[in-house]
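Starting from 1, each residue takes its place in the sequence as its number. One-based numbering, in listed order, for ligands and for the atoms of each.
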Amino acid sequence: MSDLVVRHVGRLTTWAGPRLSDAAVVISGGVVEWTGADRDLPTGLSDRPELDAEGRAAIPGFVDCHTHAVWAGSRRDDVAGRLSGTGYNPAGIAATVAATREASYDDLLAAAALRLTAMRDGGTTTVEIKSGYGLTSMDEARLLTVGRDAAAGVGLTAMTTYLGAHVVPQGREHAEYVDSVIADLPLAAAAGAQWCDVFCDDGAFTIDDARRILIAAGEQGLGTRIHAEQLTNTGAARLAADLRCASADHLDHVTAADAAAMAAAGVVGVLVPVASLYTRSQRWSHAALLRDAGVTLAVATDCNPGTAWCESMPYAVQLACLAMGLSIDEALRAATLGGAAALRRTDVGHLSVGARGDLAVLASDHEVDVVAHLGANAVWSTVIGGQPRRASAVQP
Ligand code: NIG
Ligand code: FE
């Protein structure tokens, strides 16, 4: 955790008040101590390391609250098939499970570290990482450990999520596998998982499975979240409301009644527009439906090999705006504060005094350019806990 003064931020978004022009951020011991106009910078900071943003805009670091970042192998055949008209089928997950089980710890760690480095270069400072490509007790625990270690290695703040209930693995019987997922909850917690997630959909787990697993997870002290209404409407969003899950994610097939229940229960709606694009679902209107119902929104990458091979939060924000119709501020807020809400964290996603000193200094002098300039590298430097980490290749 470092000391740093970020100077001459052309436009600073903190979410703690109005945007500041030609601003500065003082970070002490990794925590925001002061923000304000650069000309009002407190005295006595002359021996601090400085990062001169040279007029660039800055926002709180992205909080990517939904990723499946630990896997081996490729699903390029699925992607190619989709281009010739084959729909997304969760059965494809089995191929990733087979490749992931075969990979060594070191190979999985190296692959995950590359993805997390790409995330960090795109302005992500906090990440949620799910297991779900192991699907045996030991393989799931290994993925949780790899996720935690890979994030620590690249300096990201991470929370890990047990997704033993991703699909029923080949050769296992459905009811017996659900029992084993529940039996393994203590093992997942011992491997560092703070959350439990269930993929509730056709081809995966039922509402009854999800209810049993998530109630048991809560009893083990794990927080709960759910893959809901991605491929069909199963009632998973209403289950999330009943169980007061922290988030319901995907939601392509959510209804207005589901959204009202989520809003009333304080369940965050996590939009994963890259998955909506990648599966060619052509569904975008759920974002406005959730927003209009008063649901707190988050935007995440869903980084995974089958439905969203993408580490970039700026790209997810671009789709949230241009395809789903959110405003720039709605999308940036969802990608920062909203992600923090989905992870029930108050220390990240904003730059109030006392928050973690995590920010993305953008490549441009205006945050709208995150969406206006497609295909460009949107981030010039990612600051994590007061430590600047410059992206490798940056376009102005
Ligand atoms: O979030 N929906 C379930 N899980 C992932 C996809 C996993 C895969 O296809 O490998 C998702 O889209
Ligand atoms: Fe997912």
Among Asp197, Leu187, Asp184, Val198, the one residue meeting side-chain contact (heavy atoms from CB on, under 4.5 Å) with Tyr162: Asp184
Atom 4 (N) of ligand 1 [closest protein heavy-atom partner, distance rounded to 0.1 Å]: His166 NE2, 2.8 Å
Ligand 1 contact by Asn304, heavy-atom criterion under 4.0 angstrom: yes
Mutual orientation of the aromatic rings belonging to Trp71 and Trp309 [parallel < 30°, tilted 30-60°, perpendicular > 60°]: perpendicular
Ring geometry between His250 and His227 (parallel below 30°, tilted from 30 to 60°, perpendicular above 60°): tilted
Check ion pair Arg19-Asp329 (N to O, under 4.0 angstrom): yes
Flag, side chain of Asp249 to backbone of Gly269, donor-acceptor distance under 3.5 Å: no
Candidates Leu343, Val154, Thr67, Thr160 - the one meeting side-chain contact (heavy atoms from CB on, under 4.5 Å) with Val127: Thr67
Test: Arg356 and Asp347 ion pair at under 4.0 Å: no
Residue and atom, protein N/O/S, under 2.8 Å of the Fe ion (ligand 2): His66 NE2, His68 NE2, His227 NE2, Asp302 OD1
Residues Arg211 and Asp242 bridged, charged N to O under 4.0 Å: no
Atom indices of ligand 1, in the order listed, that fall short of 4.0 Å to a heavy atom of Asp302: 1 (O), 11 (C), 12 (O)
Atom indices of ligand 1 within 4.0 angstrom of Tyr88 heavy atoms, with elements: 6 (C), 7 (C), 8 (C), 9 (O)
Ion pair check, Glu50 and Arg48, cut-off under 4.0 Å: no
Identity and separation of the nearest protein heavy atom to atom 2 (N) of ligand 1: Gln230 OE1, 2.7 Å
Side-chain ion pair, Glu54 and Arg7, N-O less than 4.0 Å: no
Side chain, backbone, both or neither: the part of Tyr133 lying under 4.0 Å from ligand 1 by heavy atom: side chain
Distance from atom 12 (O) of ligand 1 to nearest protein heavy atom, with residue and atom: Thr307 OG1, 2.5 Å
Subset of ligand 1 atoms that lie under 4.0 Å from at least one heavy atom of His250: 1 (O), 11 (C), 12 (O)
